[in-house]
Engineer: 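Questions regarding the structure given below will be posed in turn.
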Amino acid sequence: MDKTVDFEYYNTLMVHSVGNRVGPIAPVMAPSAAFGYENAEEAEGIFAGTVAKPLYARVGNPTNGKLESIVAKMEGGIGALATASGMGAMSMVSMAILNSGDELLCIGGFFGGTYSLVNETLARFGITNSFCEVDDFDHIESKLKSGIKMVLMESVGNPSLRLPDLQRIIDLCNKYETILVIDNTATPILLRPIAMGADIVVHSSTKNISGHSAALGGIAVFRAVDQEKDKLLHPKYADLHKFVKKMGNKAFMAIFKKRAIRDMGMT
Ligand SMILES: *Cc1c(COP(=O)(O)O)cnc(C)c1O
């Protein structure tokens, strides 16, 4: 996949896809929690996921949908899910994938909220962790070999500012079939971890993505899943296989929507 970014193309794409070419140029906001349906058949299709129309704002809203499609394109992902905050996106991703008894590998230093999520909250639910420096490849490889389910890191450590050799870590996680989540808050557009082979990218859109300090938000972007051959089909992810079977390349979307957005309400 192309790792380089054409800034003019992206600037144009983002500006022109936010609004509408015909009719109102600015994006139309949909401040609605509930949505009406044409008839019972349409409602059934929406509930079953075969009709792509809004169901209920906890599980999707057209305004969020606009943001999600733009950030997914920006990151080279197949889809994205917007959340209430950056911490909402971190919680969504970790709580939807990890189970009690799993172990998380944390590479580098973390933003304070993420550190507390991992060390206190996830630990309270029986999810253990270990931390290592960004260049401690012996530790990284031995943890991956042991069969852990998830690796978490920041593209640029906040506040440590340490820069990881991202491609080397991505390649290791792919070799050992382990989900890699990258908090790309510091480097939207400048770095595209999904195009480099990572599985999930998380942003606090409160920061560089919105840029004006007036809107709290978060978003997680994910890659396409291969229904025939994918690390999600590894036996250690057995409880996720049903999502791959049913949803194919959009399996991550289904996992997060069902297990976090719908059940926990991180909207
Ligand atoms: C701010 C920040 C978060 C948390 O985002 P909120 O929108 O404040 O919840 C997560 N990661 C990094 C790197 C951040 O800077």
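All heavy atoms count here, side chains included; hydrogens, waters and symmetry mates do not. Computed from a prediction, not measured in an experiment: that's the story for all the values here.
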Engineer: Within the distance-only criterion (no hydrogens, no angle test), does the side chain of H241 pair as donor or acceptor with the backbone N or O of L233 below 3.5 angstrom?
Structural biologist: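 A pair under 3.5 Å: yes.
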Engineer: Compare all side-chain heavy atoms of L180 with those of M153 and state whether any distance is below 4.5 angstrom.
Structural biologist: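 Answer yes - side chains close enough.
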Engineer: Verify, without hydrogens or angle tests, whether N39 (side chain) and E42 (backbone) share a donor-acceptor contact under 3.5 angstrom.
Structural biologist: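 Yes, the answer is positive, given that a donor and an acceptor are paired below the 3.5 Å cut-off.
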Engineer: Should I46 and M253 be regarded as members of a common hydrophobic cluster, given that ILVMFWY residues are connected when their side-chain heavy atoms come within less than 4.5 Å of each other, either directly or indirectly?
Structural biologist: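 They do share one cluster, since a chain of ILVMFWY contacts under 4.5 Å joins I46 to M253.
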Engineer: How long is the gap from CD1 on I209 to OG on S204, to the nearest 0.5 Å?
Structural biologist: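 I209 atom CD1 to S204 atom OG measures 8.5 Å (nearest 0.5 Å).
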Engineer: Salt bridge check: are K53 and E38 linked by an N-O gap of less than 4.0 Å?
Structural biologist: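 No, K53 and E38 are not salt-bridged.
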Engineer: Where do E44 and T50 land on the side chain to side chain contact (heavy atoms under 4.5 Å, CB included) test, with the steps shown first?
Structural biologist: CA-CA 9 Å; E44 191 182 359; T50 55; over 6 Å; no
Engineer: Students often mix this up, so state it plainly: with edges at 30° and 60°, are the rings of F222 and F252 parallel, tilted or perpendicular?
Structural biologist: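 Because their plane-to-plane angle lies in the 30° to 60° range, the rings of F222 and F252 count as tilted.
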Engineer: What pair of heavy atoms forms the shortest contact from F256 to L81, and how long is it?
Structural biologist: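 Closest heavy-atom pair between F256 and L81: CB-CD1, 3.5 Å.
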Engineer: Closer than 3.5 angstrom, by distance alone: can the side chain of N64 be matched with the main-chain N or O of A82 as a donor-acceptor pair?
Structural biologist: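 Answer holds: no.
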Engineer: Is it the case that the side chain of E154 and the backbone of G108 share a donor-acceptor pair, with hydrogens and angles ignored and the cut-off at 3.5 Å?
Structural biologist: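 Not a single qualifying donor-acceptor pair exists.
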Engineer: Just checking, any donor-acceptor pair under 3.5 angstrom between side chains of N119 and N129?
Structural biologist: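 On atom types as modelled, these side chains qualify, holding a pair under 3.5 Å.
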Engineer: Side-chain contact test, heavy atoms from C-beta onward, threshold under 4.5 Å: evaluate it for I148 versus D102 and give yes or no.
Structural biologist: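 Result no, sub-4.5 Å side-chain heavy-atom pair not found.
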Engineer: Give a yes or no on whether a salt bridge exists between D136 and K143, defined as a side-chain N under 4.0 angstrom from a carboxylate O.
Structural biologist: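 K143 and D136: not salt-bridged.
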Engineer: Is it true that T187 and S155 share a donor-acceptor pair across their side chains at a distance under 3.5 Å?
Structural biologist: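 Note: S155 and T187 side chains meet the donor-acceptor criterion.
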Engineer: How close do A96 and I255 get, heavy atom to heavy atom, and via which atoms?
Structural biologist: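 Between these two residues, the closest heavy atoms are O-CG2, 3.8 Å.
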Engineer: Please confirm whether the backbone N or O of M87 pairs with a side-chain atom of S91, one donor and one acceptor, at under 3.5 Å?
Structural biologist: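 At least one qualifying donor-acceptor pair exists.
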Engineer: Might you point out which heavy atoms bring V93 and V202 nearest each other, and give the distance in Å?
Structural biologist: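 Closest approach of V93 to V202: CG2-CG2, 4.0 Å.
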Engineer: Do I127 and M150 have side chains that get closer than 4.5 Å, going by heavy atoms?
Structural biologist: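 A side-chain contact under 4.5 Å is absent here.
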Engineer: Any idea which heavy atoms bring C106 and V118 closest together, and the distance?
Structural biologist: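 Taking every non-hydrogen atom into account, SG-CG1, 3.7 Å.
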Engineer: Do the charged groups of R259 and D239 touch, with an N to O distance under 4.0 Å?
Structural biologist: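 Here R259 pairs with D239 in a salt bridge, since their nearest N and O are under 4.0 Å apart.
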Engineer: N61 side chain to A30 main-chain N or O, any donor-acceptor pair under 3.5 Å?
Structural biologist: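 Such a contact is found between N61 side chain and A30 backbone.
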Engineer: With rounding to the nearest 0.5 Å, note down the distance linking CG in L55 to NZ in K257.
Structural biologist: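 L55 CG to K257 NZ: 8.5 Å, rounded to 0.5 Å.
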Engineer: Can F125 be reached from M264 by stepping across I, L, V, M, F, W or Y side chains whose heavy atoms are under 4.5 Å apart?
Structural biologist: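 Yes, it is one cluster - the side chains of M264 and F125 are joined through contacts under 4.5 Å.
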Engineer: Can you hop from I179 to V201 via hydrophobic side chains spaced under 4.5 Å?
Structural biologist: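 Different clusters.
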Engineer: Kindly work out whether a path of hydrophobic side-chain contacts (I/L/V/M/F/W/Y, heavy atoms less than 4.5 Å apart) joins I107 to L172.
Structural biologist: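 Yes, same cluster.
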Engineer: Does the Q227 side chain pair with the main chain of K245, one donor and one acceptor, at a distance under 3.5 Å?
Structural biologist: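 Checking the backbone N and O of K245 against the side chain of Q227, a donor-acceptor pair under 3.5 Å is found.
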Engineer: Using side chain to side chain contact (heavy atoms under 4.5 Å, CB included), reason through R223 and D230 one step at a time and then give a plain yes or no.
Structural biologist: CA-CA 11 Å; R223 65 167 175 85; D230 198 283; 2.8 Å; yes
Engineer: Would you give the length of the straight line joining atom CG of L105 to atom SG of C173, rounded to the nearest 0.5 angstrom?
Structural biologist: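 The distance works out to 7.5 Å.
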Engineer: So, do F47 and Y37 sit near enough that their side-chain heavy atoms are less than 4.5 Å apart?
Structural biologist: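 The answer is yes; the side chains approach within 4.5 Å.
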Engineer: Give the intermediate values and the outcome of salt bridge (Lys or Arg N to Asp or Glu O under 4.0 Å) for residues D263 and R58.
Structural biologist: CA-CA 10 Å; D263 293 1; R58 175 159 34 76; over 6 Å; no
Engineer: Show your reasoning for whether side chain to side chain contact (heavy atoms under 4.5 Å, CB included) applies to L104 and S94.
Structural biologist: CA-CA 9 Å; L104 187 61; S94 46; 5.6 Å; no
Engineer: Linking I/L/V/M/F/W/Y whenever their side-chain heavy atoms sit closer than 4.5 Å, directly or via other members, would V221 and M266 fall into one cluster?
Structural biologist: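 In one cluster with V221: M266, no.
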Engineer: Within a reach of under 6.0 Å around OH of Y56, are more than 12 heavy atoms found that belong to other residues, nucleotides or ligands?
Structural biologist: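 No, because the 6.0 Å sphere around OH of Y56 holds 12 heavy atoms or fewer from other groups.
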Engineer: Taking it one step at a time, do L152 and D183 satisfy side chain to side chain contact (heavy atoms under 4.5 Å, CB included)?
Structural biologist: CA-CA 8 Å; L152 200 58; D183 181 336; over 6 Å; no
Engineer: If you count heavy atoms of other groups shown closer than 6.0 angstrom to NZ of K207, is the number above 12?
Structural biologist: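 More than 12 within 6.0 Å, yes.
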Engineer: Is it the case that the side chain of T185 and the backbone of H203 share a donor-acceptor pair, with hydrogens and angles ignored and the cut-off at 3.5 Å?
Structural biologist: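 Not at all, since once roles are kept as given, no pair shorter than 3.5 Å links the two residues.
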Engineer: Tell me the closest heavy-atom pair linking G248 and V225, and the distance in Å.
Structural biologist: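 Closest approach of G248 to V225, heavy atoms only: O-CB, 3.6 Å.
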Engineer: Using 0.5 Å steps for rounding, measure from the CG atom of L67 to the CE atom of M74.
Structural biologist: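 Separation between the atoms: 9.0 Å.
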Engineer: Mind checking the CG-CG spacing from L163 to D135? Nearest 0.5 Å is all I need.
Structural biologist: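 With rounding to 0.5 Å, CG (L163) is 11.5 Å from CG (D135).
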Engineer: Do K231 and Y176 meet the cation-pi criteria used here (NZ or CZ under 6.0 Å from the six-membered ring centre, within 45° of the axis)?
Structural biologist: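 Judged by the rule (NZ or CZ under 6.0 Å from the ring centre, within 45° of its axis), K231 is not positioned above Y176.
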Engineer: Less than 4.5 Å apart, any side-chain heavy atom of S160 and any of F110?
Structural biologist: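 In short, these two side chains do not touch, never coming nearer than 4.5 Å.
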Engineer: So with a 6.0 Å cut-off around OH of Y115, is the heavy-atom count from everything else above 12?
Structural biologist: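 Result for OH/Y115: open.
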Engineer: What is the minimum heavy-atom distance between I170 and A198, and which atoms define it?
Structural biologist: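 So the minimum-distance heavy-atom pair works out to CG2-N, 3.8 Å.
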Engineer: Salt bridge or not for E103 and K149, using N-O below 4.0 Å?
Structural biologist: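 K149 and E103: not salt-bridged.
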Engineer: Do NZ/NE/NH1/NH2 and the carboxylate oxygens of R162 and E133 come within less than 4.0 Å?
Structural biologist: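 Salt bridge: yes.
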Engineer: Is it true that a side-chain atom of T83 and a backbone atom of T267 form a donor plus acceptor pair closer than 3.5 Å?
Structural biologist: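 Such a contact is absent between T83 side chain and T267 backbone.
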Engineer: Is there side-chain contact between R192 and N184, with at least one heavy-atom pair below 4.5 Å?
Structural biologist: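 When only atoms from C-beta onward are counted, N184 and R192 do not touch, as no gap falls below 4.5 Å.
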Engineer: So, do L122 and M95 sit near enough that their side-chain heavy atoms are less than 4.5 Å apart?
Structural biologist: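 Contact flag for L122/M95 side chains = yes.
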Engineer: Any side-chain to backbone donor/acceptor pair from D171 onto R168? Under 3.5 Å, distance only.
Structural biologist: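 Judged by distance alone, no pair lies under 3.5 Å.
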Engineer: Can you tell me how far apart NZ (K73) and CD1 (I78) are? Round to the nearest 0.5 Å.
Structural biologist: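 Here the interatomic distance stands at 13.0 Å.
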